[in-house]
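All values below were derived from every heavy atom in this structure, side-chain atoms included, with hydrogens, water molecules and symmetry-related copies excluded. For reference, positions follow the sequence shown, starting with 1.
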Amino acid sequence: MSARLNLFTLAPANLKAMVNLSMTNRQSSIGERLFELVQLRVSQVNGCGVCIDMHWRDLIKQGADPRHLNSLAAWRESPFFSERERAALAWADAVNALPHRDDTDAAWPALREHFSENEIAELGYTIAAIRGWNVINLSLRNQIPVHPAPGM
């Protein structure tokens with residue numbers, strides 16, 4: 001399979017807006033580790049290899065234990081995630097499943113217990129942005145780079 005087109009050379013204003021949203025999300029109050037965990041989890045669920053690779057590498061650069069990251073797909077059974085991280089991951093799974101399934105009522109109480117309203121909004125933007133990147137990469141058949149570009 002090969003990429004259908006080079007996304008990074010087209011629609012520069014749209015690309016810049018998506019990159020800016022992602023960079024703003026990275027600076028949110030939820031913290032960089034949780035930001036990356038949510039992005040990795042949503043990308044796993046959506047099957048976006050490009051994003052899985054990128055966010056796994058970002059977490060490794062932050063010093064994350066590879067064993068912990070390998071258990072993210074089974075986060076509910078994994079002992080490596082805090083209650084706050086579990087609340088965010090449950091919310092990410094529930095929001096990402098919309099509109100095909102709505103589990104947000106079940107995830108909401110734990111989210112409210114561990115996050116402020118502002119953090120919930122920031123988490124929502126993070127989920128929306130990574131889901132957007134997943135859709136773009138999957139639809140254009142973008143491939144995991146064997147040699148990632150510097151900074152990626």
* **Shortest non-hydrogen separation from A64 to I60 and the atoms involved** => O-CD1, 3.6 Å
* Spacing of D65 atom CG and S71 atom OG [to the nearest 0.5 Å] -> 8.5 Å
* Could you go step by step and tell me if F81 and L37 meet the side chain to side chain contact (heavy atoms under 4.5 Å, CB included) rule? -> CA-CA 10 Å; F81 303 101; L37 281 174; 4.0 Å; yes
* To do: Fit a plane to each ring of F8 and W133, take the angle between them on a 0 to 90° scale, and name the class: parallel (under 30°), tilted (30 to 60°) or perpendicular (over 60°).
  => parallel
* Asked: Are side-chain heavy atoms of D58 and Q39 found at a separation under 4.5 Å?
  -> no
* Asked: For the side chain of R26 and the backbone of F35, is there at least one donor-acceptor N/O pair under 3.5 Å apart?
  -> no
* Asked: Any sub-3.5 Å donor-acceptor pair from R131's side-chain atoms to V95's backbone N or O?
  -> yes
* Would you say the side-chain atoms of E122 and N118 include a donor-acceptor pair closer than 3.5 Å? -> yes
* **CD1-CG distance between I136 and N142, expressed to the nearest 0.5 angstrom** => 9.0 Å
* Asked: Counting distance only, does the side-chain N/O of R141 pair as donor-acceptor with the main-chain N or O of L138 below 3.5 Å?
  -> yes
* To do: Find out if a path of hydrophobic residues (ILVMFWY) with successive side-chain heavy-atom gaps under 4.5 Å connects M23 to L15.
  => yes
* For residues H114 and R86, determine if any side-chain heavy atom of one lies less than 4.5 Å from a side-chain heavy atom of the other. => no
* To do: May I ask whether W108 and F115 are part of the same hydrophobic cluster, defined by side-chain heavy atoms of I, L, V, M, F, W, Y residues being less than 4.5 angstrom apart, directly or through others?
  => yes
* To do: First locate atom CD1 of I30, then atom CD of Q27, and finally report the distance between them rounded to the nearest 0.5 Å.
  => 12.5 Å
* Structure fact -> side chain to side chain contact (heavy atoms under 4.5 Å, CB included) test vs K16 passes for just one of V19, N14, N20, namely N20
* Asked: Can you name the residues that form a ring pair (Phe, Tyr, Trp, His ring centres under 6.0 Å) with F80, not counting sequence neighbours?
  -> H68
* Taking all atoms of both residues into account, what is the closest heavy-atom pair of E119 and S29, and its distance? -> CG-OG, 3.3 Å
* Look at the side-chain heavy atoms of Ile, Leu, Val, Met, Phe, Trp and Tyr, link any pair under 4.5 Å apart, and say whether V42 and L21 land in one connected group. => no
* Nearest heavy-atom pair of A87 and A110: which atoms, and what distance? -> CB-O, 3.6 Å
* Indicate yes or no: at least one non-hydrogen side-chain atom of Y125 is less than 4.5 angstrom from one of T24. => no
* Do N6 and L10 have side-chain heavy atoms sitting under 4.5 Å apart? -> no
* Asked: Quick one: CD on Q143 to CG on N137, what's the gap to the nearest 0.5 Å?
  -> 10.0 Å
* Asked: What is the distance from atom NE2 of H55 to atom SG of C48, rounded to the nearest 0.5 Å?
  -> 8.0 Å
* Asked: Does CZ belonging to R67 count more than 12 external heavy atoms closer than 6.0 Å?
  -> no
* Asked: So K61 and E36, salt bridge (Lys or Arg N to Asp or Glu O under 4.0 Å) or not? Walk me through it.
  -> CA-CA 11 Å; K61 286 178 195 172; E36 290 296 346; over 6 Å; no
* Asked: Are the side chains of S78 and L72 in touch, meaning some heavy atoms are under 4.5 Å apart?
  -> no
* **R41 vs V45 side-chain heavy atoms within contact, under 4.5 Å** => yes
* Check G132 against M18 and note the closest heavy-atom contact, atom names and distance. => C-CE, 4.1 Å
* Structure fact -> Rounding to 0.5 Å, atoms CG (N46) and CD (Q44) come to a distance of 10.5 Å
* Asked: Does I130 offer a backbone N or O that forms a donor-acceptor pair with the side chain of N134 under 3.5 Å?
  -> yes
* Does D103 use its side chain to pair, donor to acceptor, with the backbone of D93 at less than 3.5 Å? -> no
* **Test side chain to side chain contact (heavy atoms under 4.5 Å, CB included) applied to W91 and V38, step by step** => CA-CA 9 Å; W91 188 248; V38 166; over 6 Å; no
* E117, CD atom: more than 12 neighbouring heavy atoms under 6.0 Å -> no
